[in-house]
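All residue numbers in this chain count up from 1 along the given sequence.
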Amino acid sequence: MNSISLRFKEVLDYLISSGEVSNNKDFALKIGISTSMITEICKGRSNVGSLTLQNIVLTFPEINALWLLTGIGSCLLYTSPSPRDRSLS
């Protein structure tokens with residue numbers, strides 16, 4: 001698995017654990033790819049496309065695009081309020 005795919009998986013794991021997405025299917029719907037493509041990327045059988053990377057940073061602005069592409073910096077630009085916290089406002 002290449003380094004961008006590893007960071008893709010790290011983003012997916014973060015988004016699930018933070019409640020931003022509920023599962024792989026939810027993530028796939030939000031970034032415009034199929035659930036099977038998520039599986040293929042996570043298993044190292046497919047690479048992450050540039051449109052997918054673009055959709056991740058547009059949909060989840062807390063994700064650091066520089067880090068996602070290069071590994072430089074940290075994964076998050078800032079911490080997004082959880083969906084539960086947003087519903088309380």
Next item on the list: Check whether the ring centres of F60 and Y14 lie less than 6.0 Å apart, and answer yes or no.
Entry: no
Next item on the list: Give the C-alpha distance, both sets of side-chain angles, the deciding distance and a yes or no for side-chain contact (heavy atoms from CB on, under 4.5 Å) between L68 and R7.
Entry: CA-CA 6 Å; L68 189 56; R7 289 189 293 277; 4.2 Å; yes
Going by atom type alone, with no hydrogens or angles, which donor-acceptor pairs under 3.5 Å involve a side-chain atom of residues 41-54 and a protein atom two or more places apart or on another chain?
| residue | atom | partner | partner atom | Å |
| --- | --- | --- | --- | --- |
| R45 | NE | E40 | OE1 | 3.1 |
| R45 | NH2 | E40 | OE2 | 3.1 |
| N47 | OD1 | N2 | ND2 | 2.7 |

Notebook entry, point to check: Does N64 use its side chain to pair, donor to acceptor, with the backbone of S74 at less than 3.5 Å?
Noted result: yes
Notebook entry, point to check: What pairs with K30 under salt bridge (Lys or Arg N to Asp or Glu O under 4.0 Å), at least two apart in sequence or on another chain?
Noted result: D26
Next item on the list: Can you measure from CG (L58) to CD1 (I63) and round to the nearest 0.5 angstrom?
Entry: 12.5 Å
Margin query: Once rounded to the nearest 0.5 Å, what's the spacing between atom CG of L77 and atom CD of E62?
Written below: 8.5 Å
Next item on the list: With sequence neighbours left out, write down each residue that passes side-chain hydrogen bond (donor to acceptor under 3.5 Å, both in side chains) with S36, or none if nothing qualifies.
Entry: S34
Note to self: Who clusters with I72? Use side-chain heavy atoms, under 4.5 angstrom, across I, L, V, M, F, W and Y, and order the result by chain and number.
What the structure shows: L66
Notebook entry, point to check: Are S22 and F27 side-chain neighbours, meaning at least one heavy-atom pair lies under 4.5 Å?
Noted result: no
Margin query: Please determine whether side-chain contact (heavy atoms from CB on, under 4.5 Å) holds for the pair I31 and F8, giving the CA-CA distance in whole Å, both sets of side-chain angles, and the decisive distance to 0.1 Å.
Written below: CA-CA 12 Å; I31 63 170; F8 172 91; 4.2 Å; yes
Notebook entry, point to check: What distance separates L12 CG from S5 OG, expressed to the nearest 0.5 Å?
Noted result: 12.0 Å
